[in-house]
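For reference, the structure is listed below as structure tokens.
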Amino acid sequence: MPFLDELSNTADEIDVLLGRLMPVESAPAKRVIEAMRYASIGQGKRLRPFLVCESAKLFDVERPHALRTGAALECIHCYSLVHDDLPAMDDDDLRRGKPTTHIAFDEAAAILAGDGLLTFAFEILASPETHPDAAVRSDLVGQLAIAAGAAGMVGGQMLDLEAEARESHDLDEIITLQGMKTGALFRFACEAGAILAAAGSQERSALSTYADRIGLAFQIADDVLDQESTPEQLGKQTQKDAEAGKATFIDLLGLDGAKARAHQLVDEACAALDVFGNRAGILREAALFIVERKN
Ligand code: GRG
């Protein structure tokens with residue numbers, strides 16, 4: 001099946017699953033579930049769940065287990081977008097082509113929807129429906145907590161906010177903060193298949209290297225898109241990073257240098273998959289998609 005069809009099929013499956021996991025009718029607090037559904041269902045490339053599912057395929061993991069793990073990760077990603085868009089952070093009113101959650105609802109509901117999605121992710125992973133082996137579930141919970149927390153995404157966001165106040169930035173600093181802010185969730189996505197299969201350290205480490213490279217390539221591509229695209233194409237405001245004084249890879253490498261670095265990272269990511277041979281073809285296509293995508 002062509003890569004884009006595969007990506008879109010997984011996105012549809014994640015939408016159906018999230019819809020099923022968050023029913024409004026039976027909820028005692030309907031408004032928070034409505035805000036959680038608004039923030040998580042119906043849009044988004046679902047790249048992270050796709051990487052979970054494709055890494056899981058390498059080990060013949062059962063599809064429902066991979067999908068639930070991908071849905072949990074997508075909940076964390078969506079919570080981060082909701083909170084990042086709040087007035088106290090980036091103060092954005094457009095996300096995924098529609099009003100941000102605090103605009104569509106209100107700030108309190110958006111904060112609670114983010115909190116609800118964050119905690120729901122761990123509820124999904126803790127369920128035996130995600131995996132029958134409690135040790136595997138515990139590993140998933142632990143690794144996702146590390147990826148999302150102060151040593152990962154939350155810490156990266158803090159470093160990013162602090163960096164705004166500084167005049168000069170260097171490449172190592174930006175690589176570290178982006179590796180935490182966006183890279184950590186990619187790392188979990190790619191390692192999740194190996195965790196679900198209780199695979200060995202060689203395979204896990206190959207996926208971790210792949211994830212590091214595509215995570216960085218994703219962020220560089222994000223900076224390039226921010227510079228070259230319109231809000232209509234991206235479904236969110238553009239060029240806000242430069243206005244806020246955030247250092248981007250383009251500031252440090254130039255536009256052409258940034259694009260060249262992204263492609264070099266794709267090559268390195270693909271090379272890390274050699275251990276899986278032809279079975280990793282889709283993950284190689286995913287690496288290329290990450291730098292060539294248009295939104
Ligand atoms: C608020 C705890 C907290 C963290 C925020 C990840 C993040 C940290 C903020 C998101 C802001 C942002 C736009 C970062 C750039 C990278 C990124 C995560 C882009 C959006 O991801 P895509 O392109 O989005 O996968 P879709 O909508 O397709 O899911």
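No experiment lies behind these values; they were computed from the predicted model shown. Both counts, for ligands and for their atoms, begin at 1 and track the order of listing. The first residue in the sequence is number 1, and the count goes up from there. Note that these values count all heavy atoms, side chains included, but never hydrogens, waters or copies made by symmetry.
F105 CZ to E34 CD: the interatomic distance, rounded to the nearest 0.5 Å, is 6.0 Å. Distance check, rounded to the nearest 0.5 Å: CD1 of I33 to CG of L112 gives 11.0 Å.
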List ligand 1's nitrogen or oxygen atoms that come under 3.5 Å of a protein nitrogen or oxygen, with the partner atom and distance.
unit_1: ligand 1; atom_1: 21 (O); unit_2: R48; atom_2: NH2; d: 3.3
unit_1: ligand 1; atom_1: 23 (O); unit_2: K45; atom_2: NZ; d: 2.6
unit_1: ligand 1; atom_1: 25 (O); unit_2: R48; atom_2: NH1; d: 2.7
unit_1: ligand 1; atom_1: 25 (O); unit_2: R48; atom_2: NH2; d: 3.3
unit_1: ligand 1; atom_1: 27 (O); unit_2: R96; atom_2: NE; d: 2.8
unit_1: ligand 1; atom_1: 28 (O); unit_2: K45; atom_2: N; d: 2.9
unit_1: ligand 1; atom_1: 28 (O); unit_2: K45; atom_2: NZ; d: 2.8
unit_1: ligand 1; atom_1: 29 (O); unit_2: H77; atom_2: NE2; d: 2.8
unit_1: ligand 1; atom_1: 29 (O); unit_2: R96; atom_2: NH2; d: 2.7

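Following chains of ILVMFWY side-chain contacts shorter than 4.5 Å, one cannot reach F50 starting from L81, and the two form parts of different hydrophobic clusters.
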Show which side-chain atoms of residues 5-12 pair as donor or acceptor with protein atoms under 3.5 Å away, not counting sequence neighbours.
unit_1: E6; atom_1: OE2; unit_2: K57; atom_2: NZ; d: 3.3
unit_1: T10; atom_1: OG1; unit_2: E6; atom_2: O; d: 3.1
unit_1: T10; atom_1: OG1; unit_2: R63; atom_2: NH2; d: 3.3

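Using cut-offs of 30° and 60° for the angle between ring planes, the F289 and F3 rings count as tilted.
For E162, the CD atom counts as densely surrounded, since its 6.0 Å shell holds more than 12 non-hydrogen atoms of other residues, nucleotides or ligands.
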